[in-house]
Amino acid sequence: MTEKCLQVALDVPLDRLFSYGAGEFNPQIGERVLVPFGPRRLSGIVLATGADPGEYAGKLRSILACPADMPPLPEQVLALCRFVASYYHHPLGAVLAAAVPVVFRGTASFSPPDPEYLYQAGDLQALLSAIGSRAPARLKVAELLAVPVTAGQLRSANPAAMRWVRDWQAAGFVQTTTAEADSAGETLLLGPQPPLNAEQQAAVAAIAAATGFAPFLLYGITGSGKTEVYLQAIASQLAAGRQVLVLVPEINLTPQLEQRFRQRFPAVLLASLHSGLNDRQRALAWLDATQGRAKIVLGTRLSVFTPLPQLGLIVVDEEHDPSYKQQDGVRYSARDVAVYRARQSRVPVVLGSATPSLETWQNAQAKRYTLLPLTRRAVKDATLPAIRLLPVKKIRAAEGLHPLAREAVERALQAGRQALVFINRRGYAPVLACTECGWMASCRHCAARLVLHLGESRLRCHHCGFEEAVTPACPDCGNHDLQPVGHGTQRLEDIVAKQFPGARVLRIDRDSTRRKGELDAALKQVHDGDADILIGTQMLAKGHDFPRLSCVVILNADTGLYSMDFRAEERLFALLTQVAGRAGRHGQGGEVLIQTLFEDHPFYAQLLDGDYARLAQRLLAERRQLRLPPFTQWAILRAEAPQLPRVQAFLDAARLAFPHLRGLVVHEPVAASMTRRAGHERMQLLLVADTRAVLHQAMDEALPRIAALPDSQIRWSLDVDPLEV
DNA sequence: AGCACGCCGACT
DNA sequence: GTCGGCGTGCTC
């Protein structure tokens with residue numbers, strides 16, 4: 001009898017599967033196995049068990065082990081990964097590796113901890129009277145046993161707690177269960193469901209009534225109560241015994257949203273896959289979801305691959321957020337994969353945003369997605385902030401804030417409220433320049449300026465991490481008068497501190513919150529009212545709710561308005577809407593002031609009206625006219641190497657690998673928007689096709705030839721549906 | 001991607 | 001005479 005032949009996907013940059021003998025093992029499809037691969041051992045996923053070894057017959061190597069620590073990936077997830085591999089033209093083994101928790105990618109086997117025991121008093125009154133009133137410390141611990149608690153929780157109440165609990169256990173007062181058993185018979189326990197307005201009700205009803213695949217765009221202005229719609233749509237799924245997948249952008253808002261979910265569904269196990277978890281915790285949360293214990297999975301883009309045996313609904317919050325697009329490796333869009341998954345699993349998917357991506361908006365206009373509008377503020381007392389433009393010609397360095405902005409901040413402080421000054425640039429100044437010859441400090445590894453960080457007296461590259469001490473004199477002409485040009489958060493902090501001497505100024509950016517816990521501490525300070533003026537970057541724009549904030553000043557946000565990037569307006573609208581939304585979420589209407597050089601740009605008329613629909617209509621008309629996405633299908637072949645000519649030669653050759661197809665344009669290679677990064681020259685080649693089918697046909701033909709091109713110095717990657725050009 | 005094999009410069 | 005540079009070739 002001949003040995004069974006397995007097809008195994010491995011995490012190597014080779015777009016093919018590998019055949020192995022099963023040896024003494026009998027792995028299932030979707031299971032992970034350890035295999036010999038050249039001189040090393042790798043973990044792979046079994047994709048077929050009765051395969052024909054073909055040319056390798058007789059010289060197959062056998063698998064080394066079946067760790068059985070990971071439940072086999074179900075066929076649904078394998079199919080999802082196959083789709084992602086083919087759509088983004090990435091090796092299947094690499095996609096599967098990315099879809100699985102880190103602990104299952106290596107050759108070490110993962111052993112979950114023993115199930116944790118929960119302790120509970122069967123008859124609390126009997127226990128309390130047995131202890132008597134002379135042992136208050138024990139009484140305190142005993143009272144905790146009214147509900148199931150862990151040993152850790154008991155110990156944190158009193159270090160000696162477990163000794164007493166063992167005694168009570170021996171005496172029959174205390175029983176144990178495991179978390180798993182405890183949740184098995186649980187009934188769905190809902191927190192109070194707040195009343196909904198008519199629009200919210202209509203949205204919840206539409207989602208609940210959907211059968212099979214049904215994509216929705218929940219288009220809700222800031223404060224219109226999108227989250228409440230999610231919660232009630234989720235509640236009806238939970239009541240039907242189904243699981244729900246909720247995707248959120250990669251930001252620090254997850255704890256807040258998580259808190260809200262837990263409050264609403266206190267008895268439901270929620271697997272939260274946020275960045276704060278270590279690999280082990282992640283694996284455990286993933287197992288909870290995979291084995292159907294966790295009913296809600298809340299996580300960032302990677303969570304879209306989580307196996308969910310009873311999936312009933314997918315929610316993508318802030319669907320326009322660029323962090324849904326992975327920017328290295330498999331460059332997938334978790335939002336688009338989520339829609340595919342919903343179709344595959346025949347469940348509804350809700351894409352929510354106040355400023356939808358134009359791709360999604362167009363899908364709604366074309367009736368491919370059902371539009372669920374929320375146009376009224378549902379949050380109690382909330383009013384839309386008044387947005388005003390402050391035209392600035394060229395603000396002198398020492399000023400920073402427009403006089404009217406200064407007055408507005410003053411007003412907020414007088415009223416005992418907080419003000420936020422938003423500038424999307426950290427450091428002191430983005431440029432250090434020589435006043436004599438015009439020299440500017442730039443990175444020696446990147447085509448980028450070095451940013452001045454005055455506090456540490458360093459010049460830093462924000463792209464490659466290079467840094468150096470501030471030079472005392474111009475290296476070109478020897479002049480000692482080097483001047484910072486432009487504004488960053490640090491410089492603004494200085495200016496604002498001088499202009500408002502009595503105010504407590506708090507800067508929040510990646511530099512001030514680098515260490516663990518610093519961001520939470522800063523946010524707490526804001527919530528407790530221990531800061532008056534916040535200076536912050538994009539970090540502060542998203543998600544956070546600042547009840548005391550009533551005034552927002554936005555600086556230098558619109559530098560992109562006349563840039564090459566056709567998505568600049570769309571993105572700026574989303575950013576400004578989000579920043580503006582920080583003001584006046586509670587009570588008194590907030591004030592939002594935007595300092596701009598381009599006050600006449602049509603963009604601002606639509607922003608001031610808060611009219612996303614009009615902006616979207618104009619931008620979509622432009623894109624249709626100019627044959628830009630979503631009316632054409634794009635892919636970018638990016639390449640980099642230490643020497644530019646090699647990159648040029650590679651892309652010239654790659655260009656020839658594409659077939660001539662009707663409805664396909666393969667552009668000439670051009671320099672990337674940042675031409676050099678971390679010592680590598682970068683170029684790219686743009687493919688524009690009328691339809692996805694043509695684009696993929698071209699890539700299917702060309703990519704094997706490109707992969708076979710000789711130059712090994714070249715690092716290249718393909719970006720399907722690129723967000724950045 | 002790794003990792004080995006392979007063929008040419010400055011050192012214990 | 002070796003240690004080690006990274007070019008190129010393969011992995012069921």
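Below, chains carry the letters A, B, ... as their sequence lines are ordered, and counting in each starts from 1.
- Here salt bridge (Lys or Arg N to Asp or Glu O under 4.0 Å) pairs that include residues 36-56 of chain A, with residues two or more places apart or in two chains, number zero.
- Counting 5' to 3', DNA chain B first comes under 4.0 angstrom of a heavy atom of chain A and last does so at the ends given by B:dA1 to B:dC3.
- For A:Glu518 and A:Arg510, the salt-bridge test fails: no basic side-chain N is under 4.0 Å from an acidic carboxylate O.
- Every residue was checked against the ring pair (Phe, Tyr, Trp, His ring centres under 6.0 Å) condition with A:Tyr324, not counting sequence neighbours, and none meets it.
- Listed by chain and number, the residues in a side chain to side chain contact (heavy atoms under 4.5 Å, CB included) with A:Phe18 are A:Leu10, A:Val12, A:Leu14, A:Arg16, A:Tyr20, A:Phe37 (sequence neighbours excluded).
- No donor-acceptor distance shorter than 3.5 angstrom exists from the side chain of A:Gln7 to the backbone of A:Leu17, with no hydrogens or angles considered.
- In this structure, A:His667 has no ring pair (Phe, Tyr, Trp, His ring centres under 6.0 Å) partners at least two apart in sequence or on a different chain.
- In this view, A:Arg646 and A:Asp711 satisfy the salt bridge (Lys or Arg N to Asp or Glu O under 4.0 Å) rule, not counting sequence neighbours.
- Ring pair A:His696/A:His89: centre-to-centre distance below 6.0 Å.
- Of the residues in residues 82-100 of chain A, not one comes within less than 4.0 Å of DNA chain B through any heavy atom.
- When side chains are defined from C-beta on, A:Arg460 counts as touching A:Glu456, because their heavy atoms get closer than 4.5 Å.
- With A:Lys325 contributing its side chain and A:Asp721 its backbone, the two residues share a donor-acceptor pair below 3.5 Å.
- Between A:Ser111 and A:Asp69 the shortest side-chain heavy-atom distance does not fall below 4.5 Å.
- Scored by the ring pair (Phe, Tyr, Trp, His ring centres under 6.0 Å) test, A:Phe566 finds A:Trp634 as partners (sequence neighbours excluded).
- Annotation: side chain of A:Tyr88 is not in contact with side chain of A:Gln326 (no heavy-atom distance under 4.5 Å).
- Not a single donor-acceptor pair under 3.5 Å links the side chain of A:Thr675 to the backbone N or O of A:Ala671.
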Anything under 3.5 Å between a protein N or O and an N or O of nucleotides 5-11 of chain C, put it in a table, one pair a line.
{"unit_1": "C:dT11", "atom_1": "O3'", "unit_2": "A:Gly38", "atom_2": "N", "d": "3.0"}

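- Proximity of residues 638-653 of chain A to DNA chain B (heavy atom under 4.0 angstrom from any strand atom) is not detected for any residue.
- For residues 74-102 of chain A, the pairs satisfying salt bridge (Lys or Arg N to Asp or Glu O under 4.0 Å) are A:Glu75-A:Arg82, with sequence neighbours left out.
- Of the residues in residues 44-53 of chain A, none lies under 4.0 Å from DNA chain C by heavy-atom distance.
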